[in-house]
There are 2 protein chains.
Amino acid sequence: MSISSRFAVGIHILALIDLNKETASSSEFLAGSVNTNAAVIRKIMGMLKKAGLIEVQPGVAGAKLSRELSEITLFDIYKAVNVVEENELFSIHDKPHPDCVVGKNIQSTIEPIFMAAQSAMEKVFQNLTLEDIVKDIEAKEHIQ
Amino acid sequence: MSISSRFAVGIHILALIDLNKETASSSEFLAGSVNTNAAVIRKIMGMLKKAGLIEVQPGVAGAKLSRELSEITLFDIYKAVNVVEENELFSIHDKPHPDCVVGKNIQSTIEPIFMAAQSAMEKVFQNLTLEDIVKDIEAKEHIQ
DNA sequence: AAACATGTAATCGATATAGTTACAAGATAA
DNA sequence: TTATCTTGTAACTATATCGATTACATGTTT
């Protein structure tokens, strides 16, 4: 099991749109950097657009960020690309036997724990923004 | 995307083995409570056995816990049933373009963040034991 | 020997991912 | 207007994983 790379690609795309803001970032250009097909990029861009993170126009090359780098958290991207549903990171088996002490109670016992685990994971993304990503990339560039 | 219910089933099985310890818990019996096929249960029991959490013998009905309830964390079960690989909860796209500022650096920038998110999630399970689960189930029983 | 249990392999349907091709519809420049 | 480029989508493919199911070899007990 593994969470879709759409999330990583989404971060990649947004960071590149910003760092390349003097030029138009077409889906073809972005696809070259990500190393995938332009249609894949357009699908992800559609999700980012729907979430209000970028502005794109049919027929017009390029996309631009809707907000400041510091106003876009990784959690915003995470939600936008729809890689994990709300409170459904972990799946629980269906219809355990209701006449069994464990079967009867296991779901309500486990659910809040799974929710807490998912929340702990998501909190990490809530506390990071695209600005952190871009600054880290820029810092690495200056070293070399 | 969703993490396999093997984890939830593993917790269910272990809790039930404990609460039913005066009787032998065969795979057939456990399957009835979980509401699945006995072969599915046997496969998961094999994983729990390999991880040293239970003792089972070919041909002999029933399984018993290898350790005290309080000595088995949910993280032990999580690792045993192999639902998420080490540092691979999130996947990162392969071979981003090395001549691009973002493509060159994105992987090393994102990786530690993804690892931190996964760790935060797993820490929740490290801090809970089967004893917590069993006590919660018993508490629910006493209310009704 | 008969009955019952575990261990495990093979198969199936369902679902998700990532890639690919194709094309309609919008925008722009000559 | 026409040609060209771009986005937005749909359709199809290969691949992978999950959970269920069947089947059977192997071990245990009476």
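Chain naming here is simple, since letters A, B, ... match the order of the sequence lines and numbering starts at 1 in each. Note that this is a predicted model, so its numbers are computed, not measured.
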Novice: What is the distance from CD1 of I44(A) to P of dT20(C), rounded to the nearest Å?
Specialist: 14 Å
Novice: Hey, which of these two, G59(A) or S2(A), hits DNA chain C nearer its 5' end, going by closest nucleotide?
Specialist: S2(A)
Novice: Would you indicate what A39(A) reaches in the nucleic acid, counting non-hydrogen atoms under 4.0 angstrom: base, sugar-phosphate, or nothing?
Specialist: base
Novice: Let me know the distance between CD1 of I92(A) and C1' of dG19(D), rounded to the nearest Å.
Specialist: 16 Å
Novice: May I ask you to decide whether D132(B) forms a salt bridge with K135(B), counting only side-chain N to carboxylate O separations under 4.0 Å?
Specialist: no
Novice: Report yes if a side-chain nitrogen or oxygen of T36(B) is closer than 4.0 Å to either non-bridging phosphate oxygen (OP1 or OP2) of dG19(D); otherwise report no.
Specialist: no
Novice: What integer distance in Å separates M47(B):CE from dT17(D):P?
Specialist: 12 Å
Novice: Using atom NZ of K43(A) as one end and atom C1' of dC12(D) as the other, report the distance to the nearest whole Å.
Specialist: 11 Å
Novice: Counting any heavy atom closer than 4.0 Å, what does K49(B) reach on the DNA or RNA strands: base, sugar-phosphate only, or nothing?
Specialist: sugar-phosphate
Novice: Compare the minimum distances between each of dA18(C), dT6(C), dG8(D) and the side chain of R6(A), then state the nucleotide with the smallest one.
Specialist: dA18(C)
Novice: In this structure, how many angstroms lie between the P atom of dC18(D) and the CD1 atom of I3(A), rounded?
Specialist: 14 Å
Novice: Are E86(B) and K79(B) within salt-bridge range, i.e. N to O under 4.0 Å?
Specialist: yes
Novice: I'd like to check I54(B) versus M45(B) (side-chain heavy atoms, cut-off strictly below 4.5 Å). Are they in contact?
Specialist: yes
Novice: Report which part of the nucleic acid S5(B) touches: base, sugar-phosphate, or nothing (heavy-atom distance under 4.0 Å, all strands).
Specialist: sugar-phosphate
Novice: Using whole Å, report how far CZ of F29(A) lies from C1' of dC5(D).
Specialist: 17 Å
Novice: Kindly point out which of dT6(C), dT28(D), dT7(D) is positioned nearest to the side chain of P58(A)?
Specialist: dT7(D)
Novice: Could you tell me how far apart N82(B) (CG) and dG19(D) (P) are, to the nearest whole angstrom?
Specialist: 12 Å
Novice: For dT7(D), take OP1 and OP2 only and decide whether either is under 4.0 Å from a side-chain N or O of S27(A).
Specialist: yes
Novice: Applying side chain to side chain contact (heavy atoms under 4.5 Å, CB included) between L128(B) and each of L74(B), I77(B), D136(B), report the one that passes.
Specialist: L74(B)
Novice: Regarding V40(A), tell me which of base, sugar-phosphate or nothing describes its non-hydrogen contacts under 4.0 Å with the strands shown.
Specialist: base
Novice: Calculate the interatomic distance between N37(B) atom CG and dT6(C) atom C1'; express it in whole Å.
Specialist: 14 Å
Novice: Looking at dA5(C), I'd like to know if its phosphate oxygens (OP1 or OP2) sit under 4.0 Å from a side-chain N or O belonging to R42(B).
Specialist: no
Novice: Look at the side-chain N and O atoms of S4(A) and state whether any lies under 4.0 Å from the OP1 or OP2 oxygen of dA16(C).
Specialist: no
Novice: Among dT28(D), dT6(D), dT17(C), which nucleotide sits nearest the side chain of Q57(B)?
Specialist: dT28(D)
Novice: Carefully, step by step, assess F75(A) and F125(A) under the rule ring-ring contact (aromatic ring centres under 6.0 Å, His included).
Specialist: CA-CA 5 Å; F75(A) 186 67; F125(A) 298 130; 7.9 Å; no
